[in-house]
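Notes for the one structure printed next.
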Amino acid sequence: MKCAKTETLISKLIDHELPQNEAAVVQSHIDSCPNCRLFLSELTALKGLSKTAADYKANPCLWTRIAQGIASITPVSILAGASKLVKIWVAMASVLVTTTGAILYEMHDTEREQPTSAESIESEIFNIPPTPENLEKITLNMLVYTNGYMKHQPEITKGAL
Amino acid sequence: MDVEMENELNQLIQHCKEGDLASFEKVVQLFSARVSNVIYSMINNSGDVDDIAQEVFIKIYKNIATFREESKFSTWIHRITVNTVWDYLRKSKNRKTIPIENVEPPFVSDEHGKEDLGKLMRRYIEMLPVEYRTVLVLKDIEDCSYKEIAEITKCRMGTVESRLFRARQALKELLKETTWWRDYL
């Protein structure tokens with residue numbers, strides 16, 4: 001076995017990547033060759049020295065940083081790996097949910113802000129018995145009625161003026 | 001890794017696939033030291049290690065559902081780490097393309113402690129072309145098999161073998177320039 005060939009095999013030998021029979025042949029050459037013996041000791045030393053490069057102390061706050069990074073992932077970036085069809089479905093669902101929400105809100109809002117009609121005030125005025133005790137209440141209701149009527153009949157108010 | 005640990009890891013992976021953040025935290029705890037050291041050995045810049053490690057783990061979190069368990073989980077993590085480091089080196093233009101025969105050894109002090117030895121080795125490793133650097137780190141630091149390195153770097157086993165041999169030869173030549181190398185043997 002030639003030394004040049006053995007050198008490449010020595011690299012595999014120290015990595016335990018040689019089949020047993022080949023390793024035995026290489027070992028027997030090494031035993032009889034001082035140059036290859038030196039080469040083996042050099043590569044073994046080198047392998048040990050390379051390990052000293054990995055002396056980084058892992059940051060104890062790394063998880064906090066990663067968790068923050070995960071929290072900041074937007075839904076769009078989550079879909080980055082999804083197929084086109086999934087993206088279309090998600091987009092359509094988002095539009096549907098937004099539109100339904102807007103309609104429901106609008107309906108609820110209309111119900112909540114329904115103004116008191118002049119007719120309902122009118123019915124309240126005529127249902128109060130005309131006694132001296134109720135005089136103040138009737139006067140107040142009359143004022144509210146007039147105001148409500150004018151509010152709901154702006155064209156008449158304008159005409160009267 | 002023994003069978004019990006492997007089973008535990010497989011369970012963690014399944015939980016991570018279901019979006020369990022607590023399980024992912026355990027995965028980070030298990031692999032953060034290894035990932036950080038691969039990064040550090042390849043870039044030799046402690047200031048950027050955490051940023052790259054964070055990027056690696058976020059990629060893992062985002063893509064864990066696509067991990068098909070055809071290879072070892074550590075191999076998959078190494079592939080993501082190596083790809084992220086390559087991207088970083090490409091962007092920062094740190095990627096060395098100097099032919100090995102033109103590499104000048106750095107000044108080496110005769111007296112250096114163990115800490116300095118790590119620094120010195122990173123400095124030497126950094127001088128290697130990135131392809132050589134990668135296989136050397138994966139083999140000598142991470143103790144990956146040639147087959148795993150071939151999977152991680154997406155090249156043939158013969159290529160891994162020859163790159164590793166050349167990387168070691170180049171490092172040996174650099175170390176020969178030091179005054180302590182002969183005594184170290």
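Not measured: the values here are computed from a predicted model. In the text below, chain A, chain B and the rest are named by the order of the sequence lines, each starting its count at 1.
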*Can a salt bridge be assigned to the pair Arg65(A) and Asp51(B) using a cut-off of 4.0 Å between side-chain N and carboxylate O?*
yes
*Contacting moiety of Glu17(A), where chain B heavy atoms sit under 4.5 Å*: side chain
*Of the non-hydrogen atoms in Ala58(A) and Ala33(B), which two are nearest, and what is the gap between them?*
CB-CA, 4.1 Å
*Is chain A contacted by the side chain of Tyr40(B), its backbone, both, or neither, given a heavy-atom distance below 4.5 Å?*
side chain
*Please state whether the side chain, the backbone, both or neither of Tyr146(B) comes within less than 4.5 Å of a heavy atom of chain A.*
both
*Closest approach of Ser36(B) and Tyr56(A), non-hydrogen atoms and distance?*
CB-CD2, 3.6 Å
*asked:* With a 6.0 Å cut-off (strictly less than), is the heavy-atom count around NZ of Lys147(B), excluding the residue itself, greater than 12?
replied: no
*Side chain from CB out, backbone as N, CA, C, O: work out which of these in Glu161(B) comes under 4.5 Å of a heavy atom of chain A, or both, or neither.*
side chain
*State whether the number of non-hydrogen atoms from other residues, nucleotides or ligands found under 6.0 Å of Gln14(B) atom CD is greater than 12.*
yes
*If you count the non-hydrogen atoms of other residues, nucleotides and ligands that lie under 6.0 Å from CZ in Arg37(A), is the total more than 12?*
yes
*Provide the closest heavy-atom pair for Phe39(A) versus Gln169(B) in the form atom of the first, atom of the second, distance.*
CE1-OE1, 3.6 Å
*Please name the pair of heavy atoms, one in Glu7(A) and one in Phe165(B), separated by the smallest distance, quoted to 0.1 Å.*
O-CE1, 3.3 Å
*Is there a side-chain contact (heavy atoms from CB on, under 4.5 Å) between Tyr124(B) and Leu49(A) once you walk through the steps?*
CA-CA 11 Å; Tyr124(B) 279 136; Leu49(A) 281 172; over 6 Å; no
*asked:* Can you confirm whether more than 12 heavy atoms, excluding those of Glu4(B), are under 6.0 Å from its CD atom?
replied: no
_For Lys59(B), I'd like to know if atom NZ has over 12 heavy atoms of other residues, nucleotides or ligands within 6.0 Å._
yes
*Name the region of Leu136(B), side chain, backbone, both or neither, that has any atom closer than 4.5 Å to a heavy atom of chain A.*
side chain
*asked:* What's the separation between atom CG in Asp15(A) and atom CD1 in Ile149(B), rounded to the nearest 0.5 Å?
replied: 7.5 Å
*Are any side-chain N or O atoms of Asp140(B) and backbone N or O atoms of Lys47(A), one a donor and one an acceptor, separated by less than 3.5 Å?*
no
*asked:* With rounding to the nearest 0.5 angstrom, report the CG to CD1 distance, Leu164(B) to Ile14(A).
replied: 7.5 Å
*Is it the backbone or the side chain of Ile10(A) that comes under 4.5 Å from a heavy atom of chain B, or both, or neither?*
neither
*Out of curiosity, Lys51(A) NZ to Leu117(B) CG, how far, rounded to the nearest 0.5 Å?*
14.0 Å
*Go through the atoms of Ser145(B) and report whether side chain, backbone, both or neither lie under 4.5 Å from a heavy atom of chain A.*
both
*asked:* Ignoring hydrogens, what is the shortest heavy-atom contact between Tyr61(B) and Ile70(A)? Give both atom names and the distance.
replied: CE2-CG2, 3.4 Å
*Check whether Leu171(B) gets within reach of chain A through its side chain, its backbone, both or neither, counting any heavy atom under 4.5 Å.*
both
_For a 4.5 angstrom cut-off between non-hydrogen side-chain atoms, does Arg122(B) reach Asp55(A)?_
yes
*If every non-hydrogen atom of Ile125(B) is compared with every non-hydrogen atom of Ala53(A), which pair is closest and at what distance?*
CD1-CB, 3.9 Å
*asked:* If you count every heavy atom of other residues, nucleotides or ligands that lies below 6.0 Å from Arg182(B) atom CZ, does the total exceed 12?
replied: yes
*asked:* Return the CG to OG1 distance between Leu120(B) and Thr52(A), rounded to the nearest 0.5 Å.
replied: 8.0 Å
*Would you give the length of the straight line joining atom NZ of Lys172(B) to atom CG of Leu46(A), rounded to the nearest 0.5 angstrom?*
8.5 Å
*Side chain from CB out, backbone as N, CA, C, O: work out which of these in Leu62(A) comes under 4.5 Å of a heavy atom of chain B, or both, or neither.*
side chain
